[in-house]
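Take a look at the structure set out below.
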Amino acid sequence: MLDITYIRENTDAVKQGMIHKGEKDTSLVDQALVLDAKWRDGVTRLDRSRSELNQISGQVGAMMKSGRKEEAQTLIQQTQTLKEEIKELDKSVPELRNELDQVLYQIPNVPDPSVPVGSTPDDNVIHSEWGSPRHEDHLKPHWELAEQNHWLDFQRGVKVAGAGFPFYVGEMARLQRSLISFFLDSAVDAGYTELQAPLFVNEDSARGTGQIPDKEDMMYVIPKDGFFAIPTAEVPVTNFHRDEILEIDQLPVFYAAHTPCWRREAGSYGKDVKGLNRLHQFDKVELVKMVHPDQSDEELESLREHAESLLKALKIPFRTLLMCTGDMGFTQTKKYDLEVWSSGQKRWLEVSSCSNFGSFQARRMKLRYRTESGKTEMLHTLNGSGLALPRVMAALLEQYQRPDGRVDVPEVLKSRMGTDIIGSV
RNA sequence: GGAGAGAUGGCUGAGUGGUCGAAAGCGCUCCCCUGCUAAGGGAGUAUACCUCAAAAGGGUAUCGAGGGUUCGAAUCCCUCUCUCUCCGCCA
């Protein structure tokens, strides 16, 4: 959420940002300002009444001590109206604040000035392209390669769990494990601290990163215990420091975590869900940064560069998109998407999304640091995939396939795979 | 799952109805003293919000969370959560 003080002082910029992100109606901002004024008025009145009551209580105490009970009684009688007033305000002020928060939750983060203004994916800017995509006619999609080599078992996945929960078999399982380990090692080398995180989170955490109340339907829920299955490691990892104040010399904080991710993704169909393109459960290595506000612009670039370096090391062709205002999402100030070229499907597949959230997430989860002057201030958070496994594997198989359906192992994975080539003729 | 104990500031730990946002100690910061080291003295050291152009100042709330009793609650009552110990179960 945005800071109401910021909205108060930058009303036009906030409205402009909303419009650029595709909202037609900016009246939420005006609503917020009205509620803010009401709420502050209520707080002031409540504080004043309480102050009066406290003062009287002190006097009563002093009288009781010195035995002036009658005097005390008359004072006590005076408190009745005050107490009623407090009781009312005590109810209405939090209600107003709650109303205000509900409005604030619906106001999107303001895009960074460097983000191209646009409304559709066509307005995204190609930031860079890398590698040599294969364009032979008879390249197979990964699901055909997987079928030939018995690498994926979708049917048994359906039997055991349901659609979108495949088994990875033999070399494919090992390939995934090798990639995960490669990604994590790279992250650690780049200064990230490796975390193994809870795979279920509680309601507070889901709220902290904004999955609820907005995007509840994306998550699997375990109602009996009040858990949410994480849709990304971003949720537990960003919440790691929720409600904390970090010292300035602890910054910046970098974390990397591999987790499965569960997404309900209701309503998808067709080529999107074919093979490994879209699953209900998939593995991902997630990178999270918590940084000083002055650093977040640069940190987004280095985050993107790190994600790109993984694809370069694997020699998988990809492009990086700078997402336009209309395609970047509610919570971000700036976002890059990395898309690998799927040689067998002749299309781009998103494997990473690197985002700067500014203080938007931090404010929601009270993630702060102490400035040199001793004040507390919201941190900036960033995250990015590094990387999402299934689509990387899909692109890898397709890019490295041989005419006989076997697949060469990328150089950087050979020792982990224990072989130069996988599959059988 | 059963039984018991507990939850206070960065930490340890007092406090059972009236200047308690909270003693004391430790830690930390600054200053003084001391020719190293050690020791000593003094001051300061939570968070959030409102008010104020800002700073200063003022006010309010917070002693696990929520509710109640009272003029007044860290202290009394109710509900919940969590932690610890013992037993059971268990990778």
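Labels below follow one simple rule: chain letters A, B, ... track the order of the sequence lines, proteins then strands, and each chain is numbered from 1. In this text the structure is predicted, and so the values were computed from the model without any measurement.
The minimum heavy-atom distance linking Lys289(A) with Ser302(A) is given by the pair NZ-OG, 2.7 Å. The minimum heavy-atom distance between Phe357(A) and Leu382(A), with the atom names listed, is CD1-CA, 4.0 Å.
Taking atom C1' in both A23(B) and U16(B), one finds a spacing of 15 Å when rounded to whole Å. To the nearest whole angstrom, the two C1' atoms, one in G13(B) and one in U8(B), are 9 Å apart. For the P atoms, the distance linking U75(B) with G21(B) amounts to 13 Å, nearest Å. Between U83(B) and A65(B), the two C1' atoms lie 14 Å apart (nearest whole Å). On the P atoms, G25(B) is 15 Å away from A14(B), given to the nearest whole Å. Nucleotides G57(B) and C63(B), compared at atom C1', are 27 Å apart to the nearest Å. Straight-line distance between the C1' atoms of G66(B) and A56(B): roughly 37 Å, to the nearest whole Å. A distance of about 33 Å separates the C1' atoms of A24(B) and C36(B), rounded to the whole Å.
For His241(A) and Tyr255(A), the distance between ring centers is under 6.0 angstrom.
Residue Leu53(A) is classed as a sugar-phosphate contact, given heavy-atom separations below 4.0 Å to backbone atoms only. If you check every strand for non-hydrogen atoms under 4.0 Å, Arg45(A) touches nothing. When heavy atoms are screened at a 4.0 angstrom cut-off, Val43(A) is found touching the sugar-phosphate backbone but no base atom. Looking at heavy-atom distances under 4.0 Å, Leu82(A) makes no contact with the nucleic acid at all. Residue Arg368(A) is in sugar-phosphate contact alone, with no base atom involved, counting any heavy-atom pair closer than 4.0 Å across all strands shown.
The interatomic distance linking Leu100(A) (CG) with A48(B) (C1') rounds to 15 Å, in whole Å. As rounded to whole Å, 17 Å separates atom P of U70(B) from atom CZ of Arg50(A). The separation between Phe227(A) atom CZ and U81(B) atom P is 13 Å, rounded to whole Å. Remark: P of U70(B) and CD1 of Ile86(A) are 14 Å apart, rounded to the nearest angstrom. The separation between Glu372(A) atom CD and C30(B) atom C1' is 17 Å, rounded to whole Å. Rounded to whole angstrom, the span from the NZ atom of Lys375(A) across to the P atom of A48(B) amounts to 10 Å. Separating the NZ atom of Lys91(A) from the C1' atom of A61(B) is a distance of 20 Å, rounded to the nearest angstrom. Atom CZ of Arg48(A) and atom P of A61(B) are 15 Å apart (whole Å).
When the nucleotides U47(B), U60(B), A48(B) are ranked by their closest atom to the side chain of Thr376(A), A48(B) comes out on top. Minimum atom distance to the side chain of Lys83(A) is reached by C71(B), of the listed C50(B), A46(B), C71(B). Closest to the side chain of Val60(A), out of U60(B), C50(B), G18(B), is G18(B). Checked against C50(B), A61(B), G18(B), the side chain of Met64(A) finds its nearest nucleotide in G18(B).
Contact check, Asn54(A) against U60(B): a side-chain N or O comes under 4.0 Å of OP1 or OP2. Remark: Ser51(A) is in phosphate contact with U60(B), judged by side-chain N or O atoms under 4.0 Å from OP1 or OP2.
Taking a 6.0 Å sphere around CD of Glu147(A), one finds it holds 12 or fewer heavy atoms contributed by other residues, nucleotides or ligands.
Of the N and O atoms on the side chains of Gln401(A) and Glu144(A), not one donor lies less than 3.5 Å from an acceptor on the other residue. For the residue pair Thr331(A) / Asn109(A), no side-chain donor-acceptor distance below 3.5 Å is found, with atom types taken as modelled.
Ring pair Phe165(A)/Tyr220(A) is tilted by interplanar angle, where 30° to 60° counts as tilted.
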One pair to check against salt bridge (Lys or Arg N to Asp or Glu O under 4.0 Å): Lys87(A) and Glu84(A). What are the steps and the verdict? CA-CA 5 Å; Lys87(A) 202 172 177 182; Glu84(A) 273 168 42; over 6 Å; no
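Comparing Ile76(A) and Asp47(A) against RNA chain B, the residue whose closest nucleotide sits nearer the 5' end is Asp47(A). If Thr44(A) and Arg370(A) are placed on RNA chain B by their nearest nucleotide, the residue sitting closer to the 5' end is Arg370(A).
Base-pairing analysis of RNA chain B finds the following stems of at least three consecutive Watson-Crick or G-U pairs, with both pairing distances under 3.5 Å: B:1-7 with B:81-87, B:10-12 with B:24-26, B:27-32 with B:40-45, B:46-51 with B:57-62, B:64-68 with B:76-80.
For the salt bridge (Lys or Arg N to Asp or Glu O under 4.0 Å) with Asp90(A), the lone residue among Arg45(A), Lys83(A), Arg97(A), Arg50(A) that qualifies is Arg50(A).
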